[in-house]
Amino acid sequence: VTLTVDVLDDACDASLGDFTFTCPPPAPENDECAGAIQLACGQTITGSTENATASGLDAECNGFASSDALDLFYTFDADGTSSYTLSLGDASSTGFSFDGVLFVYSGPCDDLTSIGCSDSGSTEEVTLDAPAAGTYTVRIFDYSGTADFTLDLTCVAPPACTPPTIDSATVVDSCNADGTGTFSVDIVVLDAGSEGTVISDGTNTYPVVAGTVTAGPYDSGEEVTLTVDATDDVCDSDLGDFTFTCPPPAPENDEC
């Protein structure tokens, strides 16, 4: 609006000037910890820190104290057994613009404790392996002030199996004087893990039990790869490659 002074004599007219004011847009609903938005497993959020205000939290990550950061808040629930990975990245369509920082806190809003943070300069990521059951708070912000971002939560449930605990795997030979023979592999198992787990050589399988499991015999010079095959593929593993060649016979005149 332009304001002027108009008097009876135009010679006394004057301009007061141009005036304007735009009310600031409202802050995002999750501008404060109390309004944190709930994250779901497998969910990706695209948002912006535009119009966010500073919460005043000063937790330090990589040497940077963040009390003046324009931050936003999210939460997620942990079940006490799964692992959780939060990833914060740039969502700009014109190149890298979001230089983000990611914090994860435990505790209520009035007593937050930082338990993980990421400030690598590109995609920020924090993983919590089987944290205690409860609600965790996520705080994000951008070094440069405001920008567009993506935030996703990946949840991984624990495997349905328990892998065996194997102490050692040793080749044991059984050779004859003429250079022929066989070998086997003795696997010392400290804990058998889930029922149904076996040792496999690709052809034969040997049930895994606590104690010593013997795989074989195999012919001298043969090469064999042994693997642990569990009821859940997540618990599969490689034991390694094994071979043994019996020494050739001594010459007939090796002795007097």
Atom pair OG1 (Thr127) and CG (Leu86), whose distance is rounded to the nearest 0.5 Å: 8.0 Å
Pro249 versus Ala177, closest heavy-atom pair with distance: CB-O, 3.2 Å
Side-chain heavy atoms of Cys109 within contact of Phe73, under 4.5 Å: no
Asp79 (side chain) donor-acceptor with Thr81 (main chain) under 3.5 angstrom: yes
Exercise: do Thr212 and Asp186 side chains pair donor with acceptor under 3.5 Å: no
For Ile187 against Ala215, the heavy-atom pair lying closest together: CD1-CB, 4.1 Å
Donor-acceptor contact below 3.5 Å, side chain Asp167 vs main chain Val188: no
Rounded distance (nearest 0.5 Å) linking atom SG of Cys246 with atom CG of Asn176: 7.0 Å
Inter- and intrachain pairs under ring pair (Phe, Tyr, Trp, His ring centres under 6.0 Å), touching residues 37-57, at least two apart: none
Main-chain N/O of Glu222 paired to Asp219 side chain as donor or acceptor, under 3.5 Å: no
Heavy-atom closest pair, residues Ala210 and Ala192: N-CB, 3.9 Å
Spatial distance of atom OH (Tyr218) from atom OG1 (Thr203) [nearest 0.5 Å]: 8.5 Å
Side-chain touch Cys175/Pro247, heavy atoms, less than 4.5 angstrom: yes
Residues Val228, Thr197; criterion side chain to side chain contact (heavy atoms under 4.5 Å, CB included); working and verdict: CA-CA 7 Å; Val228 176; Thr197 301; 3.6 Å; yes
Hydrophobic cluster (4.5 angstrom, side-chain heavy atoms) - remaining members for Val5: Val1, Leu3, Val7, Leu16, Phe19
Any donor-acceptor pair under 3.5 Å from Asp191 side chain to Gly193 backbone: yes
Leu112 CG to Leu57 CG distance, which is reported to the nearest 0.5 Å: 6.0 Å
Under 3.5 Å side-chain donor-acceptor pair for Thr154 and Thr85: no
Qualifying residue, where the test is side chain to side chain contact (heavy atoms under 4.5 Å, CB included) with Leu39 and the options are Asp77, Ile45, Asp152: Ile45
Exam field: side chain Thr49 to backbone Ala147, donor-acceptor pair closer than 3.5 Å: yes
Heavy-atom pair with the smallest gap, counting every atom of Val208 and Val213: CA-CG2, 4.3 Å
Val189-Val198 co-clustered via ILVMFWY side chain contacts under 4.5 Å: no
Candidate pair Glu125 and Ser87, rule side-chain hydrogen bond (donor to acceptor under 3.5 Å, both in side chains), full reasoning: CA-CA 4 Å; Glu125 190 169 279; Ser87 298; 3.0 Å; yes
Exercise: do Ser118 and Glu124 side chains pair donor with acceptor under 3.5 Å: yes
Parallel, tilted or perpendicular: rings of Phe76 and Tyr136 (30°, 60°): parallel
Single-linkage hydrophobic cluster, 4.5 Å side-chain cutoff, Val209 and Leu226 together: yes
Atom pair CG (Asp201) and CG (Leu239), whose distance is rounded to the nearest 0.5 Å: 11.0 Å
Any donor-acceptor N/O pair, Asp236 side chain to Ala230 backbone, under 3.5 Å: yes
Within 6.0 Å of CG in Asp68, more than 12 heavy atoms from elsewhere: no
Note, Pro28 side chain near Leu72 side chain (heavy atom, < 4.5 Å): yes
Worked check of side chain to side chain contact (heavy atoms under 4.5 Å, CB included) between Gln38 and Thr75: CA-CA 5 Å; Gln38 180 80 25; Thr75 63; 3.0 Å; yes
Atom pair OH/OG1 of Tyr206 and Thr214 - distance to nearest 0.5 Å: 9.5 Å
Asp31 side-chain N/O to Thr53 backbone N/O, donor-acceptor pair under 3.5 Å: yes
Test log, rule side chain to side chain contact (heavy atoms under 4.5 Å, CB included), inputs Thr170 and Val185: CA-CA 5 Å; Thr170 306; Val185 182; over 6 Å; no
Any donor-acceptor N/O pair, Arg139 side chain to Tyr74 backbone, under 3.5 Å: no
Minimum heavy-atom distance Ala78-Ala132, with the two atoms named: CB-O, 3.8 Å
Side-chain donor or acceptor of Ser200 paired with backbone N/O of Thr227 under 3.5 Å: no
Heavy-atom pair with the smallest gap, counting every atom of Glu195 and Thr231: O-CG2, 3.2 Å
Connected hydrophobic set around Leu70, excluding itself, where side chains approach under 4.5 Å: none
Donor-acceptor contact below 3.5 Å, side chain Ser174 vs main chain Phe183: no
4.5 Å side-chain heavy-atom contact, Ile140 and Phe149: yes
Residue pair Tyr105, Cys33: steps toward the side chain to side chain contact (heavy atoms under 4.5 Å, CB included) verdict: CA-CA 11 Å; Tyr105 300 90; Cys33 178; over 6 Å; no
